[in-house]
Amino acid sequence: MVRPQACLEGMNDEQRTAVETIDGPLLILAGAGSGKTRVLTRRVAYMLAKGVPAWQILAVTFTNKAAGEMRARVRELSGPDADRVLVSTFHSACVRFLRQDIESIGYKRNFTIYDSDDQSRLLKNLAKEANLDIKAYPISKLRSGIDQAKVRMQDAATFAASRQSSPGDPLPKIYRGYEEHLKVANAVDFNDLLNLTVKMLQEHPDIRERYQDRFRYVMVDEYQDTNRAQYLLVKLLAGEHRNLAVVGDDDQSIYAFRGADIRNILDFERDFPEVKTVRLERNYRSTQNILKAAHGVVSNNRGRMDKELWTDIGSGDQLQMIIAQDDMEEANRVLREIQKLRGEGRRCADFAIIYRTNAASRPFEQALVRARIPHVLVGARKFYERREIRDMLAYLKLVLNPTDNMAFLRVINVPARGLGAKAIRDIQDIANSEGIPYLAAAQRWGAGKGRGRKGAKEFCGLIDKAREQVLTLLPGELVGFVAEESGYAPRLRTEETPEAQGRLENIQELVRAVDEDAVSSEDLHPIDRLQAFIDRASLTGQDSDLPDDIVDEGQVTLLTAHLAKGLEYPVVFCVGMVEGGFPHHRSREREEDLEEERRLVYVAFTRAMERLYLTRSRRRLVFGRGFQPAEPSRFLDEIPDEVLGGDKAPERPAWARAFSNPPSSGFSTSQFSGSASRSPSRPTPAERPADLRTFAPEDPAEFQPGTRVMHPTFGLGAILKVDGINQNLKLQIRFDRHGTKSLYVRFAKLEVVLP
DNA sequence: GCATTCCAAGTTTTT
DNA sequence: CTTGGAATGC
């Protein structure tokens, strides 16, 4: 796009202002579907057209997906010129900066990135060393504890100080051990990428100025999701020239759990008083009914910027409620809708199924597989998380960074080289007492005599050889070299199982990916080229899993609400709308968590362009306890009645659900008008006041003496006495009509009556 | 030391 | 239902 004016075509006034304002701080409050991406890409094109050199522009996003999409769209607008714009995620931008200048803060440039898997393995070792009770301190807890500390930018010492009130807590010590290990291994974790970049820029004015000078124009997408380090980073980069444009929507802040601080957007105007604020409230994506529903939910949140999207698209269809007996039927009903709409000319690519947790995808995927409908599960089992891929990457990491101890541990005995737990402990002991990396310790240990020495020598020899080859082989060839020489691939070949075959293919796929990647970075030194590839593999879940093109009909997309942010689909099924599912059961206690769940619902709803289905089932599987009656999500009540159609909420009492027919092969009546399928309730039902509100407790602690409860046959009563624990909880209940009875919670379908 | 087999436990969201 | 770890047999 050559002329600046062309970049403004077809934009509304606010969008135009956002595009044209390239100097000084700019806050774009962009509601869902308000053309935000379009504004951002046009803005870049506009700057280029105005003569801003591409390399002076930095655009930061959160996900690789968003970065990729933006890069592509800028390129469409501005041609190859655009390739010099740095469009990147926070994390990969930081890797870039750190690979350049990390020596200033005492690391070596070939540092390794530990991902969450490496973290876990490391923590497991540390926990074992410290004789931690794994039951009381599961690895996941340790990891999230450390992550939380890092997100708050507390180092081990600060953290320990802040925790002095709780002596006996092993976390500070583990954190210290963790940090020591990282430092020795010349490794950094995800949070370090951000924190260390901030540290580097803070402590070294010369470096800071260099970056400020280089990136004269900075843009940040999804600003509402920035955490403290990201906020500081942005300020450090833009602090001098102040050409900083941030785009965000407080209603779409869904990453508080990993440290996103919504205040960053709320306070932007204070940080940059001369800011120009643009509000994009016109929605180009969804029908009015969809917007009303989304707004109905999110407007229950306190502390949000008051705004409401509008559209002139028209009301469109009502939202369609689907109520099924269980998750299988729920999936089948969704499937039938998809089939029906396909019959009306929709393509598979028009549909998205959005759920709260990955685990919830299963029945839907199964249904699609059975019906042979092409579909893609976004972000499920990731390529780079497959064992063989991680193994190969560990080899490569070790080649580039011989001090990467986690990589060493991962592959020292893969494939088996006769080095068991004992040998590894010996090697670790040497490393610890000598203060050398594990790989060097293995070399020393292997020079001695005894069991396993040969294996250690082989391993060290392999790594050495591979290191020599880095310069002569192409990256893809190097992967092949390692796969063969390590015996990894040969061993898989001897297995002759389909699984091994699959792994071999995955390694082939890795070779291919490396080669493809190498093409795009031909101007780099081979080592940097390999390093760049590994960085990308460490920071990216999956490549190009985006559900676009290729298949003519496209594919149905299945994804979590988190992953759906920024995407749009003509038809969306928001599934699993039950208490404990959406909102997630871990987020039902605290008001802040609940607000985040509400924003998540808002994100999910606003993905829909034309039709939005909300589905739920009456029963759901609760881990230990089999099927439990599932209450409808409270968020459904927050949707205005007039926009909601389809299955009606059950008029019949909640307790009758437990006796409903199992999902029959023949489905109930028509999908939309049909009342909920009726079930003959066998036991004589107790009378139930129409306005009675109850819930089926998952937690037995809900049953306390004095609590009012509802029983299917005995009706209302009050608990007199509670005996037993957990599975064998036994209640004495005085029923209003049937006298006092003793019941096991396990068998009685009891519900707690809300006041 | 290694492989197989069985048993148990654990299920949020992502870079 | 899946995965990870422990126990057992070679």
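Note that the coordinates shown come from a computational prediction; the quantities given were computed from them, not determined experimentally. In what follows, every heavy atom counts, from backbone to side chain, and hydrogens, waters and symmetry copies are set aside. Below, read A as the first sequence line, B as the second, and so on, with proteins coming before strands; counting in each chain starts at 1.
- Residues that satisfy the salt bridge (charged side-chain N to carboxylate O under 4.0 Å, His left out) test with A:Arg263, not counting sequence neighbours, are A:Asp261.
- With sequence neighbours excluded, no residue satisfies ring pair (Phe, Tyr, Trp, His ring centres under 6.0 Å) with A:Tyr178.
- The salt bridge (charged side-chain N to carboxylate O under 4.0 Å, His left out) search around A:Asp391 returns A:Arg410, not counting sequence neighbours.
- Checked against side chain to side chain donor-acceptor pair (under 3.5 Å), A:Asn227 has no partners two or more places apart in sequence or in another chain.
- Residues satisfying the side chain to side chain donor-acceptor pair (under 3.5 Å) test with A:Arg304, not counting sequence neighbours, are A:Asp251.
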What does the list of N/O pairs under 3.5 Å between the protein and nucleotides 1-5 of chain B look like, with a distance for each?
unit_1, atom_1, unit_2, atom_2, d
B:dC2, OP1, A:Gly418, N, 2.8
B:dC2, OP1, A:Leu419, N, 3.4

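- Among residues two or more places apart in sequence or in another chain, the side chain to side chain donor-acceptor pair (under 3.5 Å) test is passed with A:Arg362 by none.
- Residues meeting the ring pair (Phe, Tyr, Trp, His ring centres under 6.0 Å) test with A:Tyr223, sequence neighbours left out: A:Phe268.
- At a non-hydrogen distance threshold of 4.0 Å, nothing from residues 218-232 of chain A comes into contact with DNA chain B.
- Every residue two or more places apart in sequence or in another chain was checked for a side chain to side chain donor-acceptor pair (under 3.5 Å) with A:Gln100, and none qualifies.
- In terms of the side chain to side chain contact (heavy atoms under 4.5 Å, CB included) criterion, A:Ser144 has no residue partners (sequence neighbours excluded).
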Produce the list of close N/O pairs, under 3.5 Å, pairing protein atoms with atoms of nucleotides 2-7 of chain C; give distances to one decimal.
unit_1, atom_1, unit_2, atom_2, d
C:dG5, OP1, A:Lys124, NZ, 2.5

